[in-house]
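See structure below.
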Amino acid sequence: MTSSLLIEQLLNGVQFGVMLFLMSAGLTLVFGIMNFINLAHGSLYMIGAFAGAATQAATGSFLLAVVAAPLAGAVAGLALERGLFQRFYARDHLDQVLVTFGTILALNEATRIVFGLTPLRMNLPDALAGHVEIIPGVPYPTFRLVILGVGLAVAALLYVVIMRTRIGMWVRAGASDRPIASAMGVNVPLVFAALFGVGAALAGLAGVMAGPILSVQVGMGEPILILALVVTVIGGIGSIRGAFVAALLVGIVDTFGRILLTPALGGMAIFMMMAAILAFRPKGLFPAHG
Amino acid sequence: MADRAPIGSGWRERAPAVLIVFLLAATPLVARALGDPFIVKVATRVVVFAIAAVALNFVVGFGGLVSLCHAGLFGVGGYVVGVLAWHDFNAEPLLFLPGTSNLLVSIPAAAVVVGLLAAIVGAISLRTSGPYFLMITLAFNQMFYYGAVALQKYGGEDGLQIMSNVTLGPFDMSDRYRFFYLALAFLAAAMFVLGRVVRSRFGMALRAASRNETRVIAVGVDPWRYRLVAFVISGVVVGIAGALLAAGQQFISPVDMGWDRSGDLVVMTVLGGIGSVWGPALGAAAFVVLELVLSSWTSHWQLAFGLLVILIVVGLRGGLADLGALAFGRRGTETAHG
């Protein structure tokens with residue numbers, strides 16, 4: 001493998017990694033604080049992508065699409081949380097799996113009814129459609145660099161909010177000990193609903209970012225959901241830092257697995273990595289609880 | 001025996017299982033009377049998924065372990081039968097062994113292979129618990145799925161067609177009715193054996209560990225070993241179900257082992273009720289028939305189905321098995337977490 005190819009694939013891996021981080025951030029906090037398994041997180045990604053594609057089709061503006069997608073994700077996420085999921089926080093994991101599994105089936109089919117079977121395409125504005133030569137001789141798609149930048153910016157923002165603000169302190173308190181945080185006066189249900197909304201918005205953002213690279217179609221949420229779950233578990237449930245490290249790890253291993261191994265074996269690479277990591281660290285790399 | 005738990009010894013617990021087997025045994029007669037062999041095909045599917053759901057519930061309902069890799073194990077069982085039949089049909093030895101289409105060989109082979117895989121998956125996954133267990137089993141499911149897709153020689157993504165005639169010793173098993181009764185015999189055996197295990201000392205320790213792990217450890221029982229053995233037993237049974245699916249429809253593909261299939265199996269189990277050994281068999285029957293009926297009405301049946309699943313979780317806690325209990329005015333079923 002030449003070094004220019006290596007650099008290009010490394011960038012691809014990191015770019016995929018930050019994308020996975022956008023998906024995993026909400027998932028891991030929702031897990032960590034409310035102990036709730038949201039398999040329908042991938043549906044919010046899909047909703048974001050479709051909202052983005054529909055907005056672009058209606059207005060012709062890519063920028064509006066990027067604004068609409070996280071909004072749609074947040075609205076859908078909050079509606080699900082308030083209307084349905086909040087009843088399940090105290091129920092066992094089996095019920096949580098079932099209710100979110102039912103939600104996936106229903107949302108996928110509803111999307112199919114509204115948008116039909118043909119995948120939608122999102123077009124990039126000219127400014128983002130080209131390539132830039134970051135290193136001489138390595139042309140790299142501008143849009144992938146934009147994804148990378150947005151992902152890193154979101155990660156930095158989340159880090160600051162969670163580690164440096166009062167709201168972030170509530171979130172961390174809720175994640176490490178919910179009953180005590182509640183007793184100390186943190187309005188855990190409110191913090192959680194807000195958190196769920198932010199997580200949903202990030203999933204929607206990830207969806208619209210994926211739109212121009214992949215095609216926007218029903219069922220697009222599930223493969224990335226499974227990878228996001230892998231990230232969450234490797235990183236340690238409830239840990240943002242863990243999710244970030246694990247997302248980059250999964251992104252890079254997945255990208256290189258697919259070029260070094262056969263496509264199908266490459267698909268197995270990250271699951272093998274996960275099994276290996278969990279065999280030695282059952283609570284992930286950065287366990288949030290003790 | 002004195003150490004049997006009050007989950008019900010004797011006929012009161014077993015009667016529903018016996019009734020299910022008898023009712024299913026009558027379906028070929030109905031099919032003959034109506035001259036509609038399609039009914040037998042549906043009934044075979046019901047029986048195969050009933051075995052899988054009963055197997056899954058052994059760990060979900062009695063072990064408190066929500067596994068999302070059972071579709072993967074199910075599919076591996078199917079692939080063992082399919083691959084052996086492929087080597088038989090193409091008269092090409094598999095490593096040094098000849099292929100076979102004889103279910104007397106290939107079903108036990110499927111059971112052994114899946115049992116070994118379940119032991120590996122279980123040994124790793126059971127080091128974790130709760131949501132971690134769920135996610136790691138889901139990841140293993142995808143590993144099996146991509147593994148099957150990688151089998152280019154055996155059809156890859158398109159799946160593997162069984163071209164040879166499947167036999168059971170001297171009997172030709174391409175006869176639909178005969179095959180149905182073979183599958184039904186496995187369902188009856190699975191419910192009987194798993195029922196015995198659940199009521200045994202072993203089953204009691206397993207159930208106790210899912211209720212109160214700390215207390216079980218305090219009396220000197222290591223839950224990990226019990227759970228691992230339970231996981232392997234469950235895997236063997238679900239592998240046999242997969243072997244029967246492949247042999248019955250002469251086809252197995254990665255679609256049969258996708259993660260959504262694992263979700264379907266959990267739905268069947270809960271639909272039927274996780275408190276009894278036989279409940280999931282009812283759930284599988286309801287699922288297969290519902291899928292058939294809804295999909296004949298509309299191509300968008302999954303919307304209705306998804307909403308139905310949500311309604312069931314919100315409303316009916318004990319599954320279909322609870323309906324019977326409610327009708328008889330007693331709540332006889334228990335759920336894993338109370």
Side-chain angles (χ1 to χ4, degrees), chain A residues 31-32 35-37 39 84 87-88 91-113 117 219 222-223 225-227 229-230 232-234 236-237 261-284, chain B residues 60-61 64 66 68 120-121 123-125 127-136 138-152 156-157 254 258-260 263-264 266-267 269-271 274 299-314 317 335-338:
Chain A
F31 251 145
N35 199 13
F36 178 71
I37 298 174
L39 294 183
L84 190 61
R87 301 155 190 255
F88 285 84
R91 303 265 287 261
D92 60 46
H93 293 139
L94 181 59
D95 288 349
Q96 298 176 353
V97 165
L98 281 167
V99 75
T100 50
F101 183 68
T103 306
I104 294 176
L105 295 181
L107 283 179
N108 272 350
E109 208 51 57
T111 313
R112 198 169 287 146
I113 291 171
L117 281 169
E222 278 70 74
L225 165 82
I226 290 171
L227 292 183
L229 290 172
V230 169
T232 306
V233 171
I234 291 179
I237 292 175
L261 305 166
T262 63
L265 278 179
M268 290 170 74
I270 47 161
F271 299 114
M272 288 186 225
M273 178 178 78
M274 168 180 176
I277 289 176
L278 285 195
F280 295 101
R281 306 203 52 162
K283 296 227 170 239
Chain B
V60 172
V66 185
L68 289 179
I120 297 170
V121 171
I124 297 173
S125 312
R127 288 176 50 82
T128 67
S129 60
Y132 286 92
F133 180 79
L134 247 154
M135 296 307 127
I136 193 170
L138 181 63
F140 273 116
N141 191 83
Q142 290 314 95
M143 223 167 111
F144 295 141
Y145 173 84
Y146 287 113
V149 172
L151 296 174
Q152 289 303 331
E157 216 158 337
W259 77 280
D260 46 339
D264 288 345
V266 174
V267 171
T269 306
V270 174
L271 194 61
I274 60 172
S299 60
H300 298 300
W301 66 277
Q302 287 211 325
L303 176 61
F305 188 72
L307 294 176
L308 198 67
V309 170
I310 295 173
L311 276 180
I312 287 168
V313 201
V314 172
R317 295 294 313 270
T335 50
H337 304 272

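What you see is a predicted model, and the numbers here were worked out from it, not measured in a lab. Throughout, protein chains are lettered first and strands after them, A, B, ... in sequence-line order, and every chain is numbered starting at 1.
- Between atom CD1 of residue B:Ile312 and atom CG of residue A:Asp95 there is a gap of 12.0 Å, rounded to the nearest 0.5 Å.
- In this structure, the portion of B:Phe140 lying under 4.5 Å from any heavy atom of chain A is its side chain and not its backbone.
- Closest of all the heavy-atom pairs between A:Glu109 and B:Ser299 is OE2-O, 3.9 Å.
- Neither the backbone nor the side chain of B:Ser129 comes within contact range of chain A; no heavy atoms are under 4.5 Å apart.
- For chain A, the option among B:Leu68, B:Thr269, B:Leu308, B:Asp264 with the highest count of heavy-atom pairs below 4.5 Å is B:Asp264.
- For chain A, the option among B:Thr128, B:Leu303, B:Val309 with the highest count of heavy-atom pairs below 4.5 Å is B:Leu303.
- Heavy-atom pairs under 4.5 Å with chain B were tallied for A:Asn108, A:Val230, A:Thr103; the largest tally goes to A:Thr103.
- B:Val266 has its side chain out of reach of A:Phe101: every pair of non-hydrogen atoms, C-beta onward, lies at least 4.5 Å apart.
- Looking only at side-chain heavy atoms (C-beta outward), B:Ile274 and A:Leu94 come within less than 4.5 Å of each other.
- Only the side chain of B:Leu138 comes within contact range of chain A, with at least one heavy atom under 4.5 Å from a heavy atom of that chain.
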Inset, instruction - Start with the C-alpha gap between B:Met135 and A:Leu278, add the side-chain angles, then the distance that decides, and say whether side chain to side chain contact (heavy atoms under 4.5 Å, CB included) holds. - result: CA-CA 11 Å; B:Met135 296 307 127; A:Leu278 285 195; over 6 Å; no

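- What you find for A:Pro282 and B:Arg127 is that their closest heavy atoms are CG-NH2, 3.5 Å.
- Using a 4.5 Å cut-off between heavy atoms, A:Ile37 touches chain B through its side chain atoms alone.
- To the nearest 0.5 angstrom, B:Phe144 atom CZ is 8.0 Å from A:Met268 atom CE.
- Looking at A:Phe280, only its backbone comes within 4.5 Å of chain B, counting heavy atoms on both sides.
- Rounding to the nearest 0.5 Å gives a distance of 9.5 Å between OG1 of A:Thr232 and OH of B:Tyr132.
- The CD1 atom of B:Ile310 sits 8.5 Å away from atom CG of A:Leu105, with the distance rounded to the nearest 0.5 Å.
- Of all the listed residues (A:Leu229, A:Ile270, A:Thr100), the one sharing the greatest number of non-hydrogen pairs under 4.5 Å with chain B is A:Leu229.
- In this structure, the side chains of B:Ile136 and A:Val233 stay at 4.5 Å or more apart for every pair of heavy atoms.
- Chosen from A:Leu107, A:Ile226, A:Ile104, A:Val99, the residue pairing most often with chain B at heavy-atom distances under 4.5 Å is A:Ile226.
- Only the side chain of B:Ile124 has a heavy atom closer than 4.5 Å to any heavy atom of chain A.
- Contact check for A:Leu84 versus B:Val314: side-chain heavy atoms found under the 4.5 Å cut-off.
- A distance of 8.0 Å separates CD in A:Glu222 from CG in B:Asp260, rounded to the nearest 0.5 Å.
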